[in-house]
There are 2 protein chains.
Amino acid sequence: MAELSKATGAAGGTIFHHFKNKEDLFLNILENTKATILSEFAHYQKVRECRNGLEMVEGAVAFYLNLTGTLEDPFLLLHRHFPYEMAETNPVCRACLESIYNCLLDIFEEGLRVGQQDGSVQTLSARNTAMVMFAMVDGIVRLNTYRIYNAGALYVSLMDACRRLLTDNGQAAR
Amino acid sequence: MAELSKATGAAGGTIFHHFKNKEDLFLNILENTKATILSEFAHYQKVRECRNGLEMVEGAVAFYLNLTGTLEDPFLLLHRHFPYEMAETNPVCRACLESIYNCLLDIFEEGLRVGQQDGSVQTLSARNTAMVMFAMVDGIVRLNTYRIYNAGALYVSLMDACRRLLTDNGQAAR
DNA sequence: TCAAAAACCGACCGATCATTCGGTCGATTA
DNA sequence: TAATCGACCGAATGATCGGTCGGTTTTTGA
């Protein structure tokens, strides 16, 4: 709270004038994070250009990697343990987190379904595959933010892995 | 500290008789975690049975999934933000984390290299592919521990994804 | 113009935190 | 037996925490 007070220039008591308590404050930040991610996705959905499902999925990966870069702090929040601990007792928090993850997963799943229709993607369960892909991309992002390894050098390998996951020979017709 | 005191039955002051301070205590726990994981891996290396590199990698995935189940608390520690924050200023902590991740990555990489030799695995950079695979498996584990989705239902999809990543048709000769 | 409302301040509060310290106790050594 | 030791206790310590409150300033709108 002291750090926040200094950063915003507001006195300690003023913060509690706008937010009931720390939990309420955190929930507001989380809702804000959710709104930002959902709006970024809505914008991406409008401007994206892709000829088939495979390109949609590849675009989704690139979008997510880009998002974690521009929204570094919000994703640092989502990569902490605290929100998920809070979600176990606080339904509002849980609903918020689920909205965020559903949005992120839908980006992948949508591409997979389209790809199944047009034949550019082979996969059994779109939802399950979407989760596995999301776990992979997000795992790379974590390796990067935690500075265990520089994941920047992994983007090529990551995109290659995605293509292998989705097509039968890893070399889809493009 | 109070929680730890109650759990161990030792008085508050006694803990500080054995450990210099909280940081020292945490470092001891981390070193202990590292030793446990390394010894579990050494044991696995002895008893595993695999006919080729592909089976080694599949075994590694199963081993990691099993490990996160039996060593739930240590991995909960590794999935928190704190250790990586500490690693940025504390070289001992950083070295410890690197040892753990190198060990875990080596399990995957070893199988990839053997698989490249015997032809059961197609991949360019073994280290990079190992990281991508690790990120994927660990990402699934996180989805599970944070209870966003039940990742238990994803194990089949996960193993399928691994096979796709490593072979040209996802149906390796077995 | 002015009074009510809202925003804001910072001193203050009790609770909790990590850590310290004086001292007890049982085992080992001189 | 006396001296020394390390393990252990738990009350006490000061710092920090989230949160409150009385009073001041700013904004609002009739």
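Side chains included, hydrogens not; waters and symmetry mates left out as well; all remaining heavy atoms used. Here the structure is a predicted model, which means the values were calculated and not measured.
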Participant: Could you give the CG-to-C1' distance, from B:N21 to C:dC17, as a whole number of Å?
Facilitator: 14 Å
Participant: Flag yes if B:V61 and B:V121 sit in one hydrophobic cluster, no otherwise; membership is Ile, Leu, Val, Met, Phe, Trp, Tyr, and two members link when side-chain heavy atoms are under 4.5 Å apart.
Facilitator: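 Both belong to a single hydrophobic cluster.
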Participant: Look for any protein N or O under 3.5 Å of an N or O in nucleotides 7-11 of chain C and output each such pair with its distance, or none.
Facilitator:
unit_1: C:dA7; atom_1: OP2; unit_2: A:H17; atom_2: NE2; d: 3.1
unit_1: C:dC8; atom_1: OP2; unit_2: A:H18; atom_2: NE2; d: 2.4
unit_1: C:dC9; atom_1: OP2; unit_2: A:A11; atom_2: N; d: 2.8
unit_1: C:dC9; atom_1: OP2; unit_2: A:T14; atom_2: OG1; d: 2.9

Participant: CZ of B:F19 versus P of C:dT20: gap in Å, rounded?
Facilitator: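 After rounding, the reported distance stands at 15 Å.
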Participant: Under 4.0 Å from any heavy atom of chain A: name the first and the last nucleotide of DNA chain D that qualifies, 5' to 3'.
Facilitator: D:dG18 to D:dT20
Participant: Given B:L65, which of B:N144, B:D138, B:L158 fulfils the side chain to side chain contact (heavy atoms under 4.5 Å, CB included) condition?
Facilitator: B:L158
Participant: Without decimals, in angstroms, what is the distance between B:E23 CD and C:dT19 C1'?
Facilitator: 14 Å
Participant: Rounded to the nearest angstrom, tell me the gap between atom CD1 in B:I15 and atom P in C:dC17.
Facilitator: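 Computing the B:I15:CD1 to C:dC17:P distance gives 13 Å.
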Participant: Run the salt-bridge test on B:R127 and B:D106 with the 4.0 Å N-O cut-off and return the result as yes or no.
Facilitator: yes
Participant: Heavy atoms, side chains only, cut-off 4.5 Å: are B:E58 and B:C162 in contact?
Facilitator: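 No; the side chains remain at least 4.5 Å from each other.
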Participant: Of the options B:T36, B:L78, B:L76, which is the one that meets B:L71 in a side chain to side chain contact (heavy atoms under 4.5 Å, CB included)?
Facilitator: B:T36
Participant: Please examine the side chains of A:K20 and A:L25, heavy atoms only from C-beta on, and report whether any two atoms are closer than 4.5 Å.
Facilitator: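 A:L25 vs A:K20: side chains apart.
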Participant: So does A:E110 pair up with A:R48, basic N to acidic O under 4.0 Å?
Facilitator: yes
Participant: Describe, in one word, how the ring planes of A:Y64 and A:F108 are oriented to each other, choosing from parallel (under 30°), tilted (30 to 60°) and perpendicular (over 60°).
Facilitator: perpendicular
Participant: Rounded to the Å, how far apart are B:K22 NZ and C:dT16 C1'?
Facilitator: 12 Å
